[in-house]
Structure formats: structure tokens, C-alpha cells
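Here's the structure we're looking at; comments come further down.
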Amino acid sequence: MSVALLSEIRADLQSRIIPEKAAFFPRFFKSGPGEYGEGDKFLGITVPSVREVSKTYSKKIDRPSLDSLFQSPWHEERLLAVLILVDLFNASKDPIQQEEWVDYYLGQVSNNRVNNWDLVDSSAHKILGKFLLKRDRGILYKLYNTHHLWSQRVAIMSTYAFIKKDDFKDIYELTELALLHNHDLIHKVSGWMLREMGNRNQEALREFLDIHMKNMPRTMLRYAIEKLDPPLRQYYLVNSRS
């Protein structure tokens, strides 16, 4: 590992700290006792600033330095690692190397280093989803069935890559599984992906809603219908479960 490079990266990050954000982020990302981000620590750096740092170092970082960023207790350092990994995956044209990056990414997820919604949402569809576009997608269902919150969100968020190609099979099936989930982070991402499906094919969204609206968690439903015309939104709200 290049100690000098890692020190340079961290100094660049720390130069962008906003103290007010350091106070706000723990509440925003629910890092208090018993919350989904319990114990996470924040430097107070905005996402655009972290993205700027990632563009500077994605072509020069070494693997041990990337490991260190993923292992950091600081949320923004792990976000930086995620963004750099997206760049590394996209820069690779070798399917074997891409698969290695996917395995590496899934290892970080299972080890609770990709462990908040922003980390997942910045990466899942850009790494795993993109990799699976023309491959078997059984891994998504294995991830969902782990009952590990972040693995489940990765599974659902990965379908965004397919939705952009008008391929709705997996978001339909995974969201059917998520109807019985008890966490609003899964309800939100499921509803969001249904909404994205509806943006491309409203008929497909309405088919799902007509079948499942009475069993959908309210949050999932509200996210899914957000872009529908007001009369349609009202119809689904009125006719869904209370």
C-alpha cells in the first residue's frame, strides 16, 4: 500500500469538511442507537465533494488503499471507495476482471462496508446490475434471501440497470417478494424502482399496481405512484389498503 497516497487522499477529503454537515449527517443517515446506520461516523463532506475526490484518484489508487478506505469507520471514506470502485469497474473491458470487481464489491456488502442506502444506491446498478445485463440473475435472489438489509437493497437497486433497458422481469419479481418485508428502506427502493419502470412503461406499472395495491406497504405504493397523473394517484391511494 502506498502510505503517501492514502494520506494524500485523506487530506484531500478532510480539506472539504463542513462542520455543520458533520453534525447533521448522523441524524440524516440514522446512525443513532437502534437505527439502521447505528454507529456510523461522519466527517461532514458532501457527495459532490466526495465525487470530485474520486475522479482525482480512481486512476491512481492501489488495491490496498482501496481496502483501507472500505474498512474506514468514516462514512465518506467508504463512499469514496464505492465511487472509485464504480470507476474501476467501468474502466475495465475485461470480463474476468469485471467479475473480480463484482466479487470484491459483494464482499464489501456482506462485510457491512456498503452499509447505508447512499452507498448502495451509488453503486449497485452501476456494478452488479450492469454486469448482469446479459447474464444469469440468480445472484439477485440469493442476495434478497440472505435477510441482510443491505444485500437486499443491492438486489433491488441492481434492477435499475435492467429497467433502463426496458427489462422489467426482475424488478417485478423482487418487488413481489418485498411486499412482505418489514423495513421501509426496502419499501422505498422497491417503490422507486417501480416508479422508474412506470416512467418507461406505465402499463407495466399499472398491471403491478392493479394486482398488488391492496397488499403493498403504504410507503412502497406512494413511491411507485408519485409520477402518475393526480386522478390515477388518488385512485390507487383510495383503493389500496388503509
CA sep, side-chain torsions, deciding dist, call: V109, V120, side-chain contact (heavy atoms from CB on, under 4.5 Å) = CA-CA 9 Å; V109 174; V120 171; over 6 Å; no
When hydrophobic residues are tied together by side-chain contacts of less than 4.5 Å, even through go-betweens, does L174 share a cluster with I211?
-> yes
Student check: side-chain heavy atoms of L232 and R206 closer than 4.5 Å | yes
Minimum heavy-atom separation for A161 to K130, with atom names?
-> CB-N, 3.8 Å
Parallel, tilted or perpendicular, as decided by the 30° and 60° cut-offs, for the rings of F131 and F89 | perpendicular
Heavy-atom closest pair (M216 atom, L194 atom, distance to 0.1 Å) is CE-CD1, 3.9 Å
How about V47 and L79: do any of their side-chain heavy atoms sit closer than 4.5 Å?
-> yes
Relative to each other, are the rings of F28 and F25 parallel, tilted or perpendicular (30° and 60° limits)?
-> tilted
With sequence neighbours left out, what residues match Q108 under side-chain hydrogen bond (donor to acceptor under 3.5 Å, both in side chains)?
-> R113
Are R137 and F162 in a cation-pi setup, meaning NZ or CZ lies under 6.0 angstrom from the ring centre and within 45 degrees of the ring axis?
-> yes
Using a cut-off of 6.0 Å, state whether more than 12 heavy atoms not belonging to K60 lie near its atom NZ.
-> yes
How many angstroms lie between CG in L205 and CD in E196, if you round to the nearest 0.5 Å?
-> 11.0 Å
Polar side chain donor-acceptor pair, H148 to N112, under 3.5 angstrom | yes
For the rings on F29 and H75, is their centre-to-centre separation under 6.0 Å?
-> yes
Report yes or no: do S65 and S68 form a side-chain donor-acceptor pair below 3.5 Å?
-> no
Minimum heavy-atom distance between I186 and I156, given as atom pair plus value | CG2-CD1, 3.7 Å
Is any side-chain heavy atom of S158 less than 4.5 Å from a side-chain heavy atom of L132?
-> no
Which atoms form the tightest heavy-atom contact between S123 and V82, and what is the distance?
-> CB-CG1, 3.4 Å
Closest contact, heavy atoms only, F208 versus E176 = CE1-CG, 3.9 Å
Within-4.5 Å side-chain heavy-atom neighbours: F70 and E77 | no
Side chain proximity check, Y235 to M213, heavy atoms < 4.5 angstrom = yes
Yes or no on salt bridge (Lys or Arg N to Asp or Glu O under 4.0 Å) for D40 and R78, after CA distance, side-chain angles and deciding distance?
-> CA-CA 11 Å; D40 209 352; R78 298 196 309 282; 2.8 Å; yes
In terms of ring plane angle, is the pair Y104 and W101 parallel, tilted or perpendicular, where the classes change at 30° and 60°?
-> perpendicular
Hey, are the side chains of L69 and L6 touching, using non-hydrogen atoms and a 4.5 Å cut-off?
-> yes
T159 versus H125: any side-chain heavy-atom pair under 4.5 Å?
-> no
Decide yes or no on salt bridge (Lys or Arg N to Asp or Glu O under 4.0 Å) for E52 and R16, but give the supporting numbers first.
-> CA-CA 10 Å; E52 288 178 5; R16 301 164 188 265; 2.5 Å; yes
Residues S92 and Q97: side-chain donor-acceptor under 3.5 angstrom = yes
Name all pairs fulfilling the salt bridge (charged side-chain N to carboxylate O under 4.0 Å, His left out) condition that reach into residues 142-163, sequence neighbours left out, sorted by first residue then second.
-> D121-R153
Would you name the heavy atoms of V154 and A124 that are closest together and state the gap between them?
-> O-CB, 3.8 Å
Do L228 and L237 belong to the same hydrophobic cluster, where Ile, Leu, Val, Met, Phe, Trp and Tyr are linked whenever their side-chain heavy atoms lie under 4.5 Å apart, directly or via other members?
-> yes
From CA spacing to verdict: side-chain contact (heavy atoms from CB on, under 4.5 Å), S122, L83 | CA-CA 7 Å; S122 298; L83 297 177; 4.1 Å; yes
For Y57, what residues pass the ring-ring contact (aromatic ring centres under 6.0 Å, His included) criterion, not counting sequence neighbours?
-> none
Heavy atoms, side chains only, cut-off 4.5 Å: are H187 and H181 in contact?
-> yes
Shared hydrophobic cluster, L133 / I127 (ILVMFWY, side-chain heavy atoms < 4.5 Å) | yes
Does R63 come within less than 4.0 Å of D67, counting only side-chain N to carboxylate O?
-> yes
Do you see a donor-acceptor pair shorter than 3.5 Å between the side chains of N115 and Y36?
-> no
